[in-house]
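Here the structure comes first, spelled out in structure tokens, and everything after it is commentary.
Numbering of residues begins at 1 and proceeds along the displayed sequence.
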Amino acid sequence: MELPFRDELALMPDLRHRLRQLRWFRATFRGSAKVVSDTFGVRFEIDEAKLTRAFLDWVEIMEAQKRFAAIDRADFIVFAAGLVLRELIKQAPAREISGLAQLIETDQNAGTLEIIRFWPEGFLYTNYCVSVISAIYEQEFGTAPNIDKCADDLRTWWSYRENVTEMPAYAVAFLDRFLGAEPNWITPDRAQSRQAMQRALGSVRASDALRQL
């Protein structure tokens, strides 16, 4: 997956905390849409009211589970981005308005253009969230996570779109899959059910460990 907005995000100091502010969330999402448009030629209309609702709902859900960040911060960053993706898909703040018939094609991006033609809005939402994860990892851990080859597989995107249409929480699981992690398909939007969290807790019961935070 090409991430044309990642480097710009990585230049923003303290990105992880800035994105918890509505103005930065809105500005970076609009910036991502512009860079995707400039890179691939597809153009979007952004509904600011829906974008704001996606942010507010995300903050409410994320805040209720933020204590898990103390257990495995790296995994919680991915999980929090998955919740963003879920809310973007639910609220649908972006709408493709032009460009699909004249996409900017290069020798390297044929697979990406197939995905954009199939689901331009889903590509935008997912690309934004993966870019955010990658930029935050660069800032905090010095290296970006690997992206699995399934992220460039149109068949995976067919399944992705079909499943999140029925259950938006599956967005968290598909984002994990795109980053090469084992998804939790049963309760994907519960931090305590994630394999990384369970490994971090080890033999200590989750409830006991959380009471100590």
Side-chain angles (χ1 to χ4, degrees), residues 1-10 15-16 19 28-29 32-33 35-36 39-40 42 44 54 58 61-62 68 72-94 108-141 143-191 193-197 199:
M1 180 183 292
E2 296 181 51
L3 303 174
F5 193 53
R6 175 182 58 191
D7 292 343
E8 188 172 333
L9 280 171
L15 179 63
R16 179 165 62 96
L19 289 178
T28 56
F29 184 80
S32 178
V35 171
V36 168
T39 303
F40 301 109
V42 59
F44 300 93
W58 166 66
I61 297 164
M62 191 266 296
F68 286 95
D72 188 328
R73 186 158 58 94
D75 186 65
F76 190 81
I77 290 168
V78 176
F79 174 68
L83 295 179
V84 172
L85 182 57
R86 184 185 81 163
E87 295 308 314
L88 288 172
I89 289 171
K90 283 178 63 177
Q91 297 298 332
Q108 291 77 35
N109 71 2
T112 300
L113 297 188
E114 283 188 336
I115 293 168
I116 293 173
R117 289 188 186 97
F118 168 65
W119 191 18
E121 296 85 2
F123 176 82
L124 173 63
Y125 304 148
T126 307
N127 198 269
Y128 173 71
C129 292
V130 175
S131 296
V132 165
I133 292 169
S134 183
I136 292 175
Y137 264 58
E138 290 270 6
Q139 288 186 358
E140 302 206 6
F141 309 118
T143 183
N146 293 323
I147 301 175
D148 193 89
K149 62 183 180 180
C150 72
D152 295 314
D153 185 351
L154 183 59
R155 294 169 299 179
T156 302
W157 281 77
W158 277 94
S159 176
Y160 176 24
R161 185 174 187 177
E162 180 181 357
N163 279 279
V164 298
T165 298
E166 297 178 2
M167 183 177 171
Y170 278 139
V172 181
F174 274 95
L175 186 61
D176 282 330
R177 188 177 178 192
F178 289 156
L179 293 173
E182 184 63 34
N184 167 27
W185 298 107
I186 307 302
T187 52
D189 51 358
R190 293 186 62 194
S193 300
R194 297 174 63 79
Q195 288 193 9
M197 294 295 179
R199 286 195 300 268

Suppose we screen for side chain to side chain contact (heavy atoms under 4.5 Å, CB included). Which residues come up paired with [X], at least two apart in sequence or across chains?
X	result
Ala92	Tyr125
Asn184	Ile186, Thr187, Ser193
Thr28	Phe5, Leu9, Met12, Leu19, Tyr128

Qualifying residues under salt bridge (charged side-chain N to carboxylate O under 4.0 Å, His left out), relative to Asp7, sequence neighbours excluded: none
Could you pull out all residues at least two apart from [X] that satisfy side-chain hydrogen bond (donor to acceptor under 3.5 Å, both in side chains)?
X	answer
Ser134	Arg6
Glu121	none
Ser131	none

Summary of side chain to side chain donor-acceptor pair (under 3.5 Å) pairs that have at least one residue in residues 161-172, sequence neighbours excluded: Ser159-Asn163
Listed once per pair and sorted, the side chain to side chain donor-acceptor pair (under 3.5 Å) pairs that draw on residues 76-86, sequence neighbours left out: Arg86-Asp189
Shortest non-hydrogen contact between [X] and [Y], atoms and distance:
X	Y	answer
Ala10	Ala135	N-CB, 3.7 Å
Ala74	Tyr137	O-OH, 2.7 Å
Glu2	Gln108	OE2-O, 4.5 Å

From CG (Leu88) to CH2 (Trp58), nearest 0.5 Å: 10.0 Å
Ile77 side, atom CD1; Asp72 side, atom CG - distance, nearest 0.5 Å: 9.0 Å
Ring pair (Phe, Tyr, Trp, His ring centres under 6.0 Å) partners for Phe123, two or more places apart: Phe40
For residues 109-118, which side-chain N or O atoms pair as donor and acceptor with protein atoms under 3.5 Å away, sequence neighbours left out?
{"from": "Asn109", "atom 1": "OD1", "to": "Thr106", "atom 2": "N", "distance (Å)": "2.9"}
{"from": "Asn109", "atom 1": "OD1", "to": "Thr106", "atom 2": "OG1", "distance (Å)": "3.4"}
{"from": "Asn109", "atom 1": "ND2", "to": "Ile104", "atom 2": "O", "distance (Å)": "2.9"}

Show which side-chain atoms of residues 171-180 pair as donor or acceptor with protein atoms under 3.5 Å away, not counting sequence neighbours.
{"from": "Asp176", "atom 1": "OD1", "to": "Arg194", "atom 2": "NH2", "distance (Å)": "2.9"}
{"from": "Asp176", "atom 1": "OD2", "to": "Arg194", "atom 2": "NH1", "distance (Å)": "2.8"}

With heavy-atom distances below 4.5 Å as the criterion, would you say the side chains of [X] and [Y] are in contact?
X	Y	answer
Met1	Asp152	yes
Ile147	Val130	yes
Thr126	Trp119	no

Main-chain N/O of Glu182 paired with Gln195 side-chain donor or acceptor, under 3.5 Å: no
Plane angle bin for Trp157 and Tyr160 - parallel if under 30°, tilted between 30 and 60°, otherwise perpendicular: perpendicular
Test side-chain contact (heavy atoms from CB on, under 4.5 Å) applied to Phe79 and Met62, step by step: CA-CA 9 Å; Phe79 174 68; Met62 191 266 296; over 6 Å; no
